[in-house]
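In this chain, numbering begins with 1 at the start of the sequence shown. Small disclaimer: the values here were computed from a predicted structure and weren't measured.
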Amino acid sequence: MISTNDIRTGMALDLPEGLFEIVEFQHVKPGKGHAFVRMKLKNLLTGAVLDKTFRADEKVPLAVIDKKEMQFLYRDGNALVFMDNDTYDQHNFSLEVPEVEKASEFLSEGESVLVHFHGERLIKIELPPSVVLEVVETEPGVKGDRVSGGTKPAKLHTGLVVQVPLFIEEGDRIKVDTRTGEYLTREQG
């Protein structure tokens with residue numbers, strides 16, 4: 001339990017409605033009446049946002065979120081296999097979990113990520129802001145049409161399809177933003 005006077009952005013709360021992360025909060029002291037704390041909370045499992053108000057100095061249940069560095073090993077049917085970098089234990093995470101499915105679009109074998117757990121339950125896979133992926137399928141660029149600013153779809157080795165400039169070819173390595181899924185730049189070499 002933690003007092004609402006001691007909360008900080010990013011803390012996780014284990015409320016009756018579910019597991020939430022504090023997105024923002026505001027201590028309010030009206031001229032008349034008791035002080036209170038207004039919070040915007042994000043559900044860690046569904047992503048839904050909830051606005052909730054607590055009395056000042058009210059005790060709320062703090063959730064303990066463990067973060068483990070894990071290496072993505074390979075895809076195994078309908079699951080991703082990760083290895084804990086400390087214990088070398090292997091964990092299978094089902095692609096039916098939305099968080100795992102989203103991460104699968106950006107993960108290359110051998111890449112390390114932070115995996116967040118609440119007890120034994122997977123909460124989040126923290127991806128880097130951008131990743132470098134290889135283009136495996138795209139239409140060839142038309143000669144003379146490389147400066148027009150047009151785009152075309154390109155399939156990456158993870159299965160993700162992104163819009164890329166016309167000069168990108170199969171075999172190129174490109175940097176992709178993991179938050180938006182958009183093309184950023186072509187990698188040299």
Side-chain angles (χ1 to χ4, degrees), residues 9-10 12 19 21-24 42-49 65-118 120-189:
T9 301
L19 200 59
E21 179 180 25
I22 300 171
V23 177
E24 61 184 52
K42 179 181 173 189
N43 189 310
L44 288 172
L45 302 175
T46 66
V49 177
I65 305 292
D66 294 321
K67 297 178 184 179
K68 295 181 182 179
E69 187 173 343
M70 299 184 116
Q71 182 181 23
F72 171 56
L73 298 178
Y74 57 90
R75 296 172 199 277
D76 183 23
N78 199 25
L80 300 183
V81 180
F82 286 82
M83 177 183 69
D84 187 320
N85 288 355
D86 295 328
T87 64
Y88 303 110
D89 291 339
Q90 291 188 7
H91 301 273
N92 290 9
F93 299 131
S94 172
L95 285 168
E96 293 173 8
V97 177
E99 187 67 37
V100 176
E101 182 182 20
K102 178 185 180 292
S104 73
E105 298 177 332
F106 300 102
L107 286 173
S108 298
E109 292 179 0
E111 192 165 340
S112 289
V113 292
L114 274 180
V115 181
H116 300 225
F117 291 96
H118 178 250
E120 293 296 315
R121 184 185 213 175
L122 169 75
I123 300 297
K124 178 180 176 183
I125 297 176
E126 189 176 320
L127 297 168
S130 63
V131 291
V132 176
L133 302 171
E134 184 178 344
V135 176
V136 294
E137 188 179 308
T138 189
E139 299 169 5
V142 179
K143 194 166 188 85
D145 195 17
R146 297 173 183 253
V147 200
S148 66
T151 61
K152 62 183 179 179
K155 185 174 181 181
L156 307 178
H157 73 274
T158 61
L160 179 66
V161 176
V162 296
Q163 292 294 319
V164 298
L166 297 172
F167 60 82
I168 298 295
E169 300 173 357
E170 289 181 12
D172 283 351
R173 295 175 53 78
I174 62 171
K175 188 179 279 191
V176 178
D177 187 322
T178 57
R179 296 165 297 222
T180 63
E182 293 176 351
Y183 165 87
L184 295 174
T185 185
R186 178 170 58 176
E187 288 293 300
Q188 300 300 325

Please determine whether side-chain contact (heavy atoms from CB on, under 4.5 Å) holds for the pair M70 and H91, giving the CA-CA distance in whole Å, both sets of side-chain angles, and the decisive distance to 0.1 Å. CA-CA 9 Å; M70 299 184 116; H91 301 273; 2.9 Å; yes
- Is the backbone N or O of E105 less than 3.5 Å from a side-chain atom of T158, with the two atoms forming a donor-acceptor pair by type? yes
Whether the side chain of E69 engages the backbone of N85 through a donor-acceptor N/O pair (distance < 3.5 Å, no angle test) should be reported.
no
Heavy-atom closest pair (E126 atom, V113 atom, distance to 0.1 Å) is O-CB, 3.6 Å
Is there a side-chain contact (heavy atoms from CB on, under 4.5 Å) between V97 and R121 once you walk through the steps? CA-CA 11 Å; V97 177; R121 184 185 213 175; over 6 Å; no
On a heavy-atom basis, the closest approach of S104 and R75 is O-NH2, 2.8 Å
Looking only at heavy atoms, the pair that brings G171 and E134 closest together is CA-OE2, 3.9 Å
- request: Check whether any side-chain heavy atom of I123 sits under 4.5 Å from a side-chain heavy atom of F117, and report yes or no.
  value: no
CG of L133 to CD of E187, rounded to nearest 0.5 Å, is 10.0 Å
The reported gap from CD in E99 to CG in L44 (rounded to nearest 0.5 angstrom) is 9.5 Å
Rounding to 0.5 Å, atoms NE2 (H116) and NZ (K67) come to a distance of 4.5 Å
Nearest heavy-atom approach of D172 to F167 is OD2-O, 4.1 Å
Min side-chain heavy-atom separation D76-N92 under 4.5 Å: yes
Quiz item: Stepwise, does the side-chain contact (heavy atoms from CB on, under 4.5 Å) test hold for D66 with V115?
Solution: CA-CA 8 Å; D66 294 321; V115 181; over 6 Å; no
| said: side-chain contact (heavy atoms from CB on, under 4.5 Å) for R186 and I168? Distances and angles first, verdict last. | reply: CA-CA 8 Å; R186 178 170 58 176; I168 298 295; 3.8 Å; yes
**Prompt:** What do you reckon, is CD of Q90 surrounded by more than 12 foreign heavy atoms closer than 6.0 Å?
**Reply:** yes
Q) Would you say K155 has more than 12 foreign heavy atoms packed within less than 6.0 Å of its NZ? A) no
Tell me whether H118 contacts the main-chain N or O of I65 through its side chain, where contact means a donor paired with an acceptor under 3.5 Å. no
How about F93 and V81: do any of their side-chain heavy atoms sit closer than 4.5 Å? no
For G181 and V162 the tightest heavy-atom approach is O-CG1, 3.2 Å
Paired with L107, the side chain to side chain contact (heavy atoms under 4.5 Å, CB included) test is passed by just one of T178, V100, L127, namely L127
Whether the side chain of K152 engages the backbone of L166 through a donor-acceptor N/O pair (distance < 3.5 Å, no angle test) should be reported.
yes
Closest non-hydrogen atoms of G110 and Q71, given as atom of the first, atom of the second and distance, are O-NE2, 3.1 Å
*asked:* I'd like to check P128 versus E111 (side-chain heavy atoms, cut-off strictly below 4.5 Å). Are they in contact?
replied: yes
Self-check item: Cation over ring face, K175 and Y183, 6.0 Å, 45°
Solution: no
Output for pair (R173 CZ, S108 OG), nearest 0.5 Å, gives 7.0 Å
Which of T138, V135, V161, V131 passes side chain to side chain contact (heavy atoms under 4.5 Å, CB included) with L156? It is V135
CZ of F82 to CG of L122, rounded to nearest 0.5 Å, is 8.5 Å
Output for pair (Y74 OH, M83 CE), nearest 0.5 Å, gives 11.5 Å
> Do the non-hydrogen side-chain atoms of I174 and T185 ever get within less than 4.5 Å of each other?
Replying inline: no
